[in-house]
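Below is one structure; the comments refer to it alone.
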Amino acid sequence: MIGKWRKFAEIVAVGLLTAMFASFLLQVFMRYVVNHPLGWTSEACVILYIWAVFWTSAFLLEEREHITFSILSDALAPRPRWVLSLIGHAVLAVAFASALPAIVDYIAFMKIDSTPITRIRFDYVFSIFAVFAVAVVIRSVLALYRTLRDGIAVNERAAENP
């Protein structure tokens, strides 16, 4: 079942990136070959990029694929590294969960304005960020659970096999 949802998320991400690339190519063609630039293609590229980044981060990237700053944790022994991991996952979950009402409220507020050329309402453009925030909360809670379940042993093995 999870495989089907992941495949769906991959298809959506590929569609977003393909549409962005096609829009970019159309923009280049119209500007430099036809000498008649199109304004909507720039907006489309930006909107599709926003959606592709947050969609992919929410549904496709694994925790180990995200950029992390691990200089401090890599220098620690397994037990303090485990504690730091617990704290990090908890802080991330609490921060995004507590910000979620404000995020949703602000996105709803953004319906008063729209993009200059295509006139797409900004609440539609940025609604993907609320989806991303919910995904971060869920993923952080799951990572916290896995860290608690697996205990220090996982960190000890990771220290032995960098």
Side-chain angles (χ1 to χ4, degrees), residues 1-33 36-74 81 84-147 154 158 162:
M1 183 67 168
I2 292 176
K4 289 181 182 179
W5 285 110
R6 181 168 179 84
K7 190 67 171 171
F8 171 75
E10 288 173 354
I11 290 168
V12 170
V14 167
L16 290 168
L17 292 172
T18 302
M20 184 176 74
F21 187 62
S23 179
F24 174 75
L25 288 179
L26 178 62
Q27 179 183 52
V28 169
F29 177 78
M30 292 301 290
R31 177 178 301 270
Y32 296 109
V33 176
H36 183 72
L38 302 173
W40 67 265
T41 54
S42 295
E43 274 187 15
C45 283
V46 171
I47 293 167
L48 291 164
Y49 180 75
I50 289 168
W51 271 76
V53 166
F54 286 116
W55 180 270
T56 304
S57 295
F59 299 117
L60 294 174
L61 290 181
E62 301 293 329
E63 182 182 0
R64 61 183 162 72
E65 296 172 322
H66 284 274
I67 296 172
T68 59
F69 299 99
S70 59
I71 294 172
L72 175 63
S73 64
D74 288 348
R81 186 180 317 128
L84 193 60
S85 179
L86 288 175
I87 292 169
H89 293 309
V91 166
L92 196 59
V94 169
F96 272 85
S98 62
L100 198 53
I103 290 169
V104 171
D105 186 49
Y106 190 71
I107 290 170
F109 167 75
M110 293 299 290
K111 73 180 175 196
I112 65 169
D113 204 2
S114 60
T115 60
I117 297 171
T118 57
R119 308 303 303 160
I120 298 171
R121 288 181 8 193
F122 279 131
D123 59 332
Y124 296 147
V125 172
F126 295 111
S127 62
I128 188 62
F129 188 73
V131 174
F132 167 75
V134 169
V136 168
V137 172
I138 292 169
R139 293 177 92 167
S140 296
V141 168
L142 290 173
L144 183 63
Y145 169 75
R146 279 192 307 273
T147 303
V154 169

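Just so we're clear, the structure is a prediction, and the values are computed from it rather than from any experiment.
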* Asked: Does His89 reach the side chain of Thr147, with side-chain heavy atoms less than 4.5 Å apart?
  -> yes
Run the side-chain donor-acceptor check on residues 9-19: report pairs under 3.5 Å with partners two or more places apart or on a different chain.
| unit_1 | atom_1 | unit_2 | atom_2 | d |
| --- | --- | --- | --- | --- |
| Thr18 | OG1 | Val14 | O | 2.7 |

* Only pairs at least two apart or in different chains count here, so list each salt bridge (charged side-chain N to carboxylate O under 4.0 Å, His left out) that has a residue in residues 84-95. => none
* To do: Please list all pairs passing the side chain to side chain donor-acceptor pair (under 3.5 Å) test where one or both residues lie in residues 106-117, with sequence neighbours left out.
  => Glu43-Thr115, Ser114-Arg119, Thr115-Thr118
* Asked: Should we count CD1 of Ile71 as having more than 12 external heavy atoms under 6.0 Å?
  -> no
* Asked: Heavy atoms, side chains only, cut-off 4.5 Å: are Leu60 and Arg6 in contact?
  -> yes
* Asked: What's the spacing between Leu26 CG and Leu38 CG if we round to 0.5 Å?
  -> 5.5 Å
Report all side-chain donor-acceptor pairs from residues 121-130 shorter than 3.5 Å, counting only partners two or more places apart or in another chain.
| unit_1 | atom_1 | unit_2 | atom_2 | d |
| --- | --- | --- | --- | --- |
| Arg121 | NE | Asp123 | OD1 | 3.0 |
| Arg121 | NH2 | Asp123 | OD2 | 2.6 |
| Ser127 | OG | Tyr124 | O | 3.0 |

* OG/Ser42 to CD1/Ile47 distance, rounded to the nearest 0.5 angstrom? -> 11.0 Å
* **Pairs meeting criterion ring pair (Phe, Tyr, Trp, His ring centres under 6.0 Å) with involvement of residues 13-33, two or more places apart** => none
* Asked: If you look at every heavy atom in Arg81 and Asp74, which pair is closest and at what distance?
  -> NH2-O, 4.0 Å
Identify each donor-acceptor pair in which a side-chain atom of residues 94-103 lies under 3.5 Å from a protein atom, sequence neighbours left out, and give them as a table.
| unit_1 | atom_1 | unit_2 | atom_2 | d |
| --- | --- | --- | --- | --- |
| Ser98 | OG | Val94 | O | 2.9 |
| Ser98 | OG | Ala95 | O | 3.0 |

